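Each chain gets a letter, A, B and so on, in the order the sequences are listed, and its residues count up from 1. Given the structure is predicted, the values throughout are model-derived calculations rather than measurements.
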Amino acid sequence: MAQDFEKQYNPADYEDAINKEWLDSGFFNPDNLKLPDDAPPYAIVLPPPNITDKLHVGHAMMIAIEDLLIRYKRMNGFCALWIPGTDHAAIATQNVVEKRLFKETGQTRHDLGREKFLAEVNKFATVTQKTILNQIKKMGASLDWSRLAFTLDEQRGKAVKKMFIEMYNDGVIYRGERVINWCPRCKSTLADDEVEYKEQTAKLYTFKYSKDFPIAISTTRPETKLGDTAVAVNPRDERYKKYIGSTFEVDFVGVPLKIKIIADIGVEMDFGTGALGVTPAHLMVDYQMSQKYDLEMIKVIGEDATINPGFGDYSGLKAAQAREKIVERLRESGLLEKEEEIANNLSQCYRCETPIEPIPSKQWFVDVDKKLKKLGDKSLKEISLEASKSGEIKFTPERFQGQYENWMNNLHDWCISRQIWYGHRIPAFYQIKDKKEKIKNWDLKIYGENIYQDLKNKSKTIETRAGRAKGDGKDWAEFKVGDLIDFSLVEDKTEKVIESGVKKKISGISHFSSIAEMLEKISLEKIYPGKTEADYRALMENNFKDRLEKFGIWAFELVGLDEQIVYVSENKPEGDGWIQDEDTLDTWFSSGMWTFSTLNWPDSVRPGRTSAGEARFVKTGDLAKYHPTAVLETGFEILTLWVSRMILMSYYALGEKPFSDVYLHGNILDEHGKKMSKSKGNGVDPLDVIAKYGTDALRLSLLIGSTPGNNARMSWEKIEAQRNFVNKLWNISRYILENKSPLSRGVDAEGGRGVSGGAGETGAEAWILDRCNNLIGEMKKDIEVFAFSQAGEKLIDFVWNDFADWYLEASKFEESENKKEILPYVLRTILKLAHPFMPFVTEAIWKKFNDSMLMVEKYPVVGTQDFAFLPKSGNFELIKDIVMAIRNARAENKVEPARKIEAVIYAGDKVEIVKQNEILIKSLKTGISDLKILEKGEKISGAIYAAVGEIEIYLLGAVDAEKEKVRLEKEIANLEKFVSALDKKLSNQEFVGKAPEKVVNIEKEKLAKAEAELAKLKEQLAEL
RNA sequence: GGACGGUUAGUUCAGCGGUUAGAAUGCCUCGUUUACACCGAGGAGGUCGUAGGUUCAAAUCCUACACCGUCCACCA
């Protein structure tokens, strides 16, 4: 570390050494602070940064704010714990690596295979993780590195599994269907934020399903209408009111449909025909509507974007071809009423721009509405809402409470499975049955003619006639998984025959009373090559009876229900044939547990009961001590994504809130007001800023001049300004610490011992101590309500304006024994107050005159007794006013600073006070060589005049009468304006009558003061 | 389409019922006094987006509108 007290503070000379000292001390870990047992705990979890990229200055703000809180609390005697970590950011990270892989080698993840691909991702993760942690450390963040966590590490994996299993066993997690975004080219699902919308023009077709259907609907995608099961209209729409509730059986271009007419207020009467064809399987909104109104779902389009089997001529066609064909058919039959061009948004894959097909698929969900015993018969949604409504959890700024509640209110079941590889693999296992084994769990696959022809050659095909297997002569019940039961030879292809066949086959195993029931209960999981589960499900489940004959169902295949035996557990169950679910969990599932998974949940709970006697477990160790954490500080954009999930999961796992306060900061935008993002490449690396201006300057610039929840622009000028402040503090300290005997020098030797007689205290000293004390209180108040910017501004204002510009200057000319103590005292106080804002310089300065470490010093408290003997308030404000008035008058009269002039002050009843401060008035850049202080006297013409309340000041010599006249006139004009405004206000009876007396009195005083000063100025002007 | 936020000095932003609306930066004038030119002293600069309303009192509360931004839903 540099030893000299350089003229300029060079952060690079100090920061690394100080950081090392901090780290070596071990005090970032509160266990090492050796605090008394009753020290209150205070914990913050660092919102784990995504490992997709290195940090930018937005993250630096997060660090600055949280470190401020932690350092502040630590100095205030709290057991302050700040837990570091990173987030694996599943989808985002996988995407980055996939893109890079493709760019560099032309390979996709499928080419590599799961294992090799994950190795690649991990390689990438390790590198960025290291970069990120290094950046955070550089910023001086006092995080407890011994508790470092990663959302995808072993301990967190344990927590995730435990949580999943517990939720599954409680019935909170379930498996269900949902419409997802599917890219037919990439053959994968897309997260909502991976869908891009592109403006385009599309043809909007308006038509009726059939001649006997009364309502026309509009669509840009007629092919999906093959899967319509309802038409929605607005309940207030007079045109359609009479149809609501009825069901129509229609023949839509050759495909039979059952259409129910439903009413939904979401339907706009003015758009199109005011009626909306509902396609549950292929539109998100329609899917939601189908859930709401319990509609049937018909799957029309498969994973390869062709029409599923079971739709006659259309089956196998590409969506676009089918559309043409359908439109053609509609046109021919005269059902097409209108064709128009409209502008709409095409959703497409962000990667390959292929249009997205929304298709239904099996996913894992968290049921947010299920009432849970352990939550007092409330659902997760209810308990999470209650948390904010009751004020258990507070939001800063408050407006985000509304946003949170609004989102919670509208929350649907949370889909937690993701079709990607990077992440926590879902701890669900499915058993593949041995094909030789007798069928216990089974399913059917159904085949149409085309596929049947392919299959026919395979040896497994067993032709069946009237429920009796041919070939090897086995009974139904003896079929094995994989056997194909051929119905082509069944003469009577009616439901009844098949039903009886099926019934026979399953006798003693499962029981269905009808095919309908069978279809309801079984699920067709296994995907036949080229076709998907969804395809077959579509065929099986929808209007089965009609289609069976219509499209020629040729065969069923018996399929072991391998995916039906679901076993949710931490480890693969014993026995052969178990495979784990291919999917991984939503990244927010693991980060949602962050407040307690970082505190070693579930290892940190053991069975037992609390004093309340209700709990199923007791918290131990860190979890008991620090959970719920104190405050969650993060960006407002992840309020719903992350914050709400943490609340939900904490209540579930621990029955308590994860934190008491939520503080949301805004984004740091670039210099042009654009959001910093990887793709734009406009992110600024905090390390670059630090290299140029130092960490403290960076931190200050991020803490000051911004308000919670609002975005702030990054500004180099602001950083530079803060760098200047850092340097100012450095130099203030340098002056105080290097000045061995800061004794009065006085401008005027004759002035002798200047101030305030023998007592030794001066007005300036009392004043600065009072100001300092005031600052301590103000900053405390601000910090505790998260008003960091205000606290910082007050600090700077005090240090620069009060302390440096006034007290320090005054101290140069005042002889006082006290100042040898007061100067260091105020400096120490400042360093402590400033430490959470600018830890490095303050520590560097502290080291110059202390052996201890500032980071763990006691924070100042209001009402220090150290200088209790000094008068509580001085008259220094008055002296300041006089000095400023003189400076101002001189400057306005263009009296060169070097020129000394004489002055006379008529101080009235303040004459003693002013006399006591004669030296200060002469010395503080007023350029006065000779000063007379009298109680009162004659007006002096030809002098520069200034008034401070009752006090009259005359500056003699060097007077430019013209300039003085102009100046006085200007001042008088200003005052007159002020006085007349006040006058008017006070003569307004309504104001005097209705406003609080206090306000009126203040105004009256103001008026009297202004009038007195105005009179004096006018007199003086007359003298000229 | 819905929700939220913003619109205040040349610029970046505070203030969000009651002293002549503040700060930083920039600008102008001046300045080598025992720390600091990354400094000191002084100054100019605002009808607080527009139009109404509530109030003794509005930048501040309400209502509309305009423009900018963010998030959500995506439109049959």
Side-chain angles (χ1 to χ4, degrees), chain A residues 5 7-9 192 197 204 217-221 232 266-268 271-279 283-286 342 344-345 347 397 399-400 402-403 406-407 410 636-637 639-640 666-667 669 671 673 675 693 697 704-707 709-713 715 717-718 720-739 742 745 747 789-790 793 796-797 804-805 808-809 812 884 887-892 894-898 923-927 974-975 977-979 981-982 985 988-996 998-1000 1002-1003 1005-1006 1010:
Chain A
F5 222 141
K7 225 168 137 171
Q8 274 182 12
Y9 171 66
D192 290 343
Y197 295 98
L204 182 71
I217 55 154
S218 301
T219 182
T220 52
R221 299 196 59 195
V267 180
E268 277 177 44
F271 190 94
T273 60
L276 162 68
V278 183
T279 320
L283 275 171
M284 307 282 180
V285 213
D286 293 12
I342 60 157
N344 82 347
N345 281 330
S347 48
R399 71 182 133 94
F400 288 108
Q403 210 157 305
N406 188 35
W407 185 83
N410 296 321
F636 64 74
E637 74 275 11
L639 170 68
T640 51
N667 294 121
L669 309 175
E671 288 169 288
K675 202 173 163 178
Y693 293 103
I704 290 171
S706 61
T707 36
N710 289 331
N711 294 341
R713 251 181 231 217
S715 145
E717 284 172 356
K718 209 152 113 187
E720 201 175 305
Q722 298 306 341
R723 187 270 319 262
N724 294 352
F725 174 66
V726 169
N727 193 243
K728 183 75 184 180
L729 179 60
W730 177 259
N731 272 292
I732 288 167
S733 312
R734 190 159 85 104
Y735 171 72
I736 293 171
L737 298 175
E738 290 209 323
N739 209 338
R745 208 177 57 100
V747 213
S789 181
Q790 278 184 41
E793 278 170 41
I796 293 174
D797 182 60
D805 288 346
L808 227 52
E809 289 305 316
K812 288 176 184 172
M884 284 195 285
R887 285 173 182 172
N888 175 302
R890 275 186 68 125
E892 291 282 290
K894 309 264 183 228
V895 181
E896 315 87 86
S923 309
L924 292 176
K925 292 189 172 128
T926 48
N974 273 344
L975 256 183
K977 223 165 95 189
F978 177 54
V979 166
L982 261 185
K985 196 171 178 183
N988 182 342
Q989 281 313 307
E990 284 198 282
F991 169 68
V992 179
K994 290 190 185 171
K998 210 172 116 192
V999 174
V1000 177
I1002 290 171
E1003 300 289 308
E1005 264 172 51
K1006 263 161 37 187

Using the ring of Phe978(A) (Phe, Tyr or Trp, six-membered ring only), decide whether Lys1006(A) places NZ or CZ under 6.0 Å from its centre and within 45 degrees of its axis.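 That pair does not qualify as a cation-pi contact.
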Which part of the nucleic acid, if any, lies within contact of [X], taking any heavy atom under 4.0 Å across all strands shown: a base, the sugar-phosphate backbone alone, or nothing?
| X | result |
| --- | --- |
| Leu283(A) | sugar-phosphate |
| Ile1002(A) | nothing |
| Leu204(A) | sugar-phosphate |
| Arg221(A) | nothing |
| Asn410(A) | nothing |
| Lys728(A) | base |
| Thr220(A) | sugar-phosphate |
| Glu809(A) | base |

Between [N] and [M], how far is it from one [atom1] atom to the other, in whole Å?
| N | M | atom1 | result |
| --- | --- | --- | --- |
| U60(B) | G52(B) | P | 14 Å |
| G42(B) | A58(B) | P | 34 Å |
| U54(B) | G43(B) | C1' | 40 Å |
| U20(B) | U12(B) | P | 29 Å |
| A44(B) | G22(B) | P | 13 Å |
| C74(B) | G6(B) | P | 27 Å |
| G49(B) | A41(B) | P | 33 Å |
| U63(B) | G45(B) | P | 36 Å |

Between [N] and [X], is there an OP1 or OP2 to side-chain N/O distance shorter than 4.0 Å?
| X | N | result |
| --- | --- | --- |
| Asn724(A) | C39(B) | yes |
| Asn731(A) | C39(B) | no |
| Arg734(A) | C36(B) | yes |
| Lys1006(A) | U20(B) | yes |

List the atom of [X], the atom of [Y], and the distance in Å for their closest heavy-atom pair.
| X | Y | answer |
| --- | --- | --- |
| Val979(A) | Ala1010(A) | CG2-CB, 3.7 Å |
| Ser789(A) | Ser706(A) | CB-O, 3.2 Å |
| Asn727(A) | Gln8(A) | ND2-CA, 3.5 Å |

Protein within reach of the bases, or only the backbone? For nucleotides 9-15 of chain B, mark each nucleotide 5' to 3' as B, S or -, using heavy atoms under 4.0 Å. ---SSSS
Distance check needed: [N] [atom2] versus [X] [atom1], whole Å only.
| X | N | atom1 | atom2 | result |
| --- | --- | --- | --- | --- |
| Met884(A) | G40(B) | CE | C1' | 15 Å |
| Phe5(A) | A35(B) | CZ | P | 14 Å |
| Tyr9(A) | C38(B) | OH | C1' | 13 Å |
| Lys977(A) | U47(B) | NZ | C1' | 11 Å |
| Asp805(A) | G31(B) | CG | C1' | 15 Å |
| Gln8(A) | A37(B) | CD | C1' | 9 Å |
| Lys894(A) | A44(B) | NZ | P | 11 Å |
| Gln403(A) | G2(B) | CD | P | 17 Å |

State, with a plain yes or no, whether a side-chain heavy atom of [X] is found less than 4.5 Å away from one of [Y].
| X | Y | result |
| --- | --- | --- |
| Ile704(A) | Ile796(A) | yes |
| Ile736(A) | Leu808(A) | yes |
| Lys812(A) | Tyr735(A) | yes |
| Leu924(A) | Arg887(A) | yes |

Side chain of [X] only, please: which of [options] is the nearest?
| X | options | value |
| --- | --- | --- |
| Arg887(A) | A41(B), C56(B), G31(B) | A41(B) |
| Glu1003(A) | U20(B), A37(B), C56(B) | U20(B) |
| Phe636(A) | U20(B), U70(B), G18(B) | U70(B) |
| Ala804(A) | G42(B), A35(B), C56(B) | A35(B) |

Using ring pair (Phe, Tyr, Trp, His ring centres under 6.0 Å) as the criterion, list what pairs up with Tyr693(A), not counting sequence neighbours.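 Tyr693(A) satisfies ring pair (Phe, Tyr, Trp, His ring centres under 6.0 Å) with no residue once adjacent residues are dropped.
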Could you tell me whether the side chain of Arg399(A) has a donor or acceptor atom within less than 3.5 Å of a complementary atom in the base of C4(B)?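 Flag unset: no donor-acceptor pair detected.
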Kindly confirm whether the side-chain ring of Phe978(A) is stacked on the base of U20(B), judged by centres under 5.5 Å and planes under 30°.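 The base of U20(B) is stacked with Phe978(A) (centres under 5.5 Å, planes under 30°).
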How are the rings of Phe400(A) and Phe636(A) set to each other: parallel, tilted or perpendicular (split at 30° and 60°)?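 Phe400(A) and Phe636(A): parallel rings.
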Taking Watson-Crick and G-U wobble pairs with both distances under 3.5 Å, convert RNA chain B into its dot-bracket string, 5' to 3', dots for unpaired and | for cross-strand pairs. (((((((..((((....[...)))).(((((.......))))).....(((((..]....))))))))))))....
Between Phe400(A) and Gly274(A), which is nearer to the 5' end of RNA chain B once each is assigned its nearest nucleotide?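 It is Phe400(A) whose nearest nucleotide is closer to the 5' end.
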Closest-nucleotide ordering on RNA chain B, the 5'-leading residue of Gln722(A) and Asn888(A):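 Result: Gln722(A).
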Stepwise side-chain contact (heavy atoms from CB on, under 4.5 Å) test for Tyr9(A) and Leu729(A): CA-CA 9 Å; Tyr9(A) 171 66; Leu729(A) 179 60; over 6 Å; no
Thinking salt bridges, do Glu671(A) and Arg713(A) make one under a 4.0 Å N-O criterion?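 No.
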Where do Arg734(A) and Lys7(A) land on the side-chain contact (heavy atoms from CB on, under 4.5 Å) test, with the steps shown first? CA-CA 8 Å; Arg734(A) 190 159 85 104; Lys7(A) 225 168 137 171; 3.2 Å; yes
